[in-house]
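What follows is a single structure, written as structure tokens, with notes after it.
Chain A is the first sequence line, chain B the second, and so forth, proteins listed ahead of strands; every chain is numbered from 1.
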Number of protein chains: 2
Amino acid sequence: MRMAELSRTTGVPVATIKYYVREGLLPRGEVTTSPNQADYGDRHVRRLALVRSLVEVGGLSIAAVRATLAAVDDPAVPLHDTLGMTIEAGDPASTPAPDDDAQRAAEARVDELLAKHGWSNRPGAPARQAVIDVVATMSRVTGTRLDSVLEPYVEAVAAIAEADLDTVSALSDVEERVETALVGTVLGDRLIAALRRIAQETVSARRFPPRETL
Amino acid sequence: MRMAELSRTTGVPVATIKYYVREGLLPRGEVTTSPNQADYGDRHVRRLALVRSLVEVGGLSIAAVRATLAAVDDPAVPLHDTLGMTIEAGDPASTPAPDDDAQRAAEARVDELLAKHGWSNRPGAPARQAVIDVVATMSRVTGTRLDSVLEPYVEAVAAIAEADLDTVSALSDVEERVETALVGTVLGDRLIAALRRIAQETVSARRFPPRETL
């Protein structure tokens with residue numbers, strides 16, 4: 001199909017499609033009969049839907065989507081490394097963490113926690129570094145007040161990851177697997193965050209019931 | 001203290017402090033003896049640490065931090081409404097969701113899910129709308145492949161919210177409570193996302209062990 005039809009099929013404006021092609025998020029159409037016309041297929045429709053969901057709902061920057069898709073398209077990069085990358089890619093400012101006591105204490109604490117639960121703990125992995133940075137910042141701002149959440153979070157997240165892998169393992173098609181893992185991971189973060197607000201409101205209302213009015 | 005000392009104490013450059021004051025994220029210093037010199041206190045040190053953590057690690061935009069802090073400072077806004085706002089505030093593009101079958105099906109599904117678990121379900125609440133938008137987008141991109149994650153996510157997130165409220169309920173000082181809830185919520189999202197990547201890698205390695213090499 002021509003670009004105009006690709007636009008109608010997906011609901012994405014032609015200007016946006018051209019922008020994605022220029023930014024390397026969408027492969028160019030194949031040149032067929034006429035040298036000035038490119039042909040787009042189902043592969044483009046799917047990739048476009050994936051890009052839109054990562055940008056619009058997942059909140060990834062164009063650079064982050066490009067890096068993630070390049071890793072997805074590279075069979076040499078294991079899928080879970082790709083998913084770890086989305087953590088770093090979604091990071092806005094990422095100034096280097098200060099090398100202070102809070103940072104060193106957080107690193108030791110996270111190492112101990114991951115070892116206790118038998119979790120992967122590769123130095124240099126972006127997700128491990130993100131956990132350390134967040135724990136260090138929490139302690140800089142709130143002291144030890146948030147220390148008690150780590151254990152329950154690890155247990156809850158273990159159940160979430162089992163559900164994630166159940167979903168992905170059930171798929172036999174490799175492309176569906178990668179796409180589902182990527183969408184499920186990036187959009188899943190937002191889903192979990194939004195569900196968490198509703199759960200907080202629910203638990204908060206139960207523990208601190210609003211006073212009845214006359 | 002003077003602004004130069006506030007900068008030394010917090011490690012935040014003077015230019016950044018001036019920017020935060022101009023953007024309304026940090027109250028102006030109090031004018032004391034000399035009309036050209038403002039005085040900053042502990043309140044400014046704490047607020048500056050809070051702003052830095054929301055911007056640098058939480059990834060909120062300046063506008064989002066301003067809206068969130070204004071709600072925090074307004075005693076008429078309940079805390080859980082403030083926390084719900086951070087979902088919308090953290091949203092990058094937020095184009096309006098299309099009014100299609102996927103959107104309507106997602107709304108019905110989410111309503112049913114929240115009702116089943118006795119969770120708060122206020123129409124118009126930003127967190128509820130975010131859940132609906134994500135579920136609709138997931139189904140547009142991956143069909144029904146991610147439907148199975150919703151139930152386990154709700155159960156895991158319920159445990160996370162109980163841990164959140166345990167932490168906040170343990171504090172008697174109202175300001176500490178608000179600050180801890182805000183930091184715990186915004187930074188907690190990043191913590192949970194990063195832990196989820198590590199858990200996914202761990203579960204993935206267990207289910208799909210890498211082939212041994214010779």
Side-chain angles (χ1 to χ4, degrees), chain A residues 49-50 53 56-57 59 80 83-84 87 91-93 95 119-120 127-128 130-131 133-134 137-138 140-142 145-146 148-149 152-154 156-165 167 169 171 179-180 183-184 187 189-205 207, chain B residues 49-50 53 56-57 59 80 83-84 87 91-93 95 119-120 127-128 130-131 133-134 137-138 140-142 145-146 148-149 152-154 156-165 167 169 171 179-180 183-184 187 189-205 207:
Chain A
L50 181 60
S53 70
E56 299 275 321
V57 185
H80 38 65
L83 302 181
I87 273 285
D91 196 348
T95 40
W119 281 21
S120 166
R128 172 181 175 275
V131 170
D133 290 350
V134 171
T137 304
M138 281 178 164
R140 280 187 207 107
V141 183
T142 68
R145 279 178 262 147
L146 283 162
S148 51
V149 300
Y153 281 13
V154 165
V157 168
I160 286 172
E162 295 284 351
D164 290 336
L165 267 289
T167 307
S169 305
L171 302 169
E179 193 184 72
T180 305
V183 170
L187 269 61
D189 286 345
R190 260 189 84 65
L191 181 57
I192 290 162
L195 286 171
R196 184 171 170 232
R197 298 296 181 287
I198 304 177
Q200 286 175 335
E201 183 181 334
T202 304
V203 178
S204 172
R207 295 200 190 187
Chain B
L50 181 60
S53 70
E56 298 277 320
V57 186
H80 39 65
L83 301 180
I87 272 286
D91 197 348
T95 38
W119 282 20
S120 167
R128 172 180 175 274
V131 170
D133 290 350
V134 171
T137 305
M138 281 179 165
R140 280 188 207 103
V141 183
T142 68
R145 278 178 263 147
L146 284 162
S148 51
V149 301
Y153 280 13
V154 165
V157 168
I160 286 172
E162 294 285 351
D164 290 336
L165 268 289
T167 308
S169 305
L171 303 169
E179 195 183 72
T180 306
V183 171
L187 268 60
D189 287 345
R190 260 189 83 66
L191 180 58
I192 290 163
L195 286 172
R196 184 170 169 231
R197 299 296 180 284
I198 304 177
Q200 286 175 336
E201 183 181 334
T202 305
V203 177
S204 171
R207 294 199 190 188

Considering only heavy atoms and a distance below 4.5 Å, find which of A:Val183, A:Leu187, A:Leu50 pairs most often with chain B. A:Leu187
Most heavy-atom pairs under 4.5 angstrom with chain A, which of B:Ala159, B:Gly184, B:Ala158? B:Gly184
Heavy-atom distance under 4.5 Å to chain A: side chain of B:Arg207, backbone, both or neither? side chain
Rounded at 0.5 Å granularity, tell me how far CG in B:Leu191 sits from CG in A:Asp133. 11.0 Å
Shorter than 4.5 Å, heavy atoms on both sides: which option in B:Ala49, B:Ala161, B:Ala199, B:Ala156 has the most such pairs with chain A? B:Ala199
State whether the side chain of A:Ser53 and the backbone N or O of B:Thr137 hold a donor-acceptor pair below 3.5 Å, judged by distance alone. no
Taking all non-hydrogen atoms of both residues, which atom of A:Ala130 and which atom of B:Ala194 are closest, and how far apart? CB-CB, 3.8 Å
Quick one, A:Ile160 and B:Gln200 - any side-chain contact, counting heavy atoms below 4.5 Å? no
Indicate yes or no: at least one non-hydrogen side-chain atom of B:Val203 is less than 4.5 angstrom from one of A:Trp119. no
From the options A:Val154, A:Val157, A:Val131, select the one residue that forms a side-chain contact (heavy atoms from CB on, under 4.5 Å) with B:Ile198. A:Val131
Check for a donor-acceptor pair, side chain of B:Thr202 on one end and backbone N or O of A:Ser120 on the other, with a separation under 3.5 Å. yes
Can you tell me which of B:Glu162, B:Arg140, B:Glu179 forms the most heavy-atom pairs within a distance under 4.5 Å of chain A? B:Glu162
I need the residue from A:Val149, A:Asp164, A:Ile192 with the largest number of non-hydrogen atom pairs under 4.5 Å to chain B. A:Asp164
With rounding to the nearest 0.5 angstrom, report the CD to CG distance, B:Glu201 to A:Leu165. 11.0 Å
Rounded at 0.5 Å granularity, tell me how far CG in A:Leu171 sits from CZ in B:Arg145. 6.0 Å
Looking at B:Arg197 and A:Asp189, does any basic side-chain N land under 4.0 Å from a carboxylate oxygen? yes
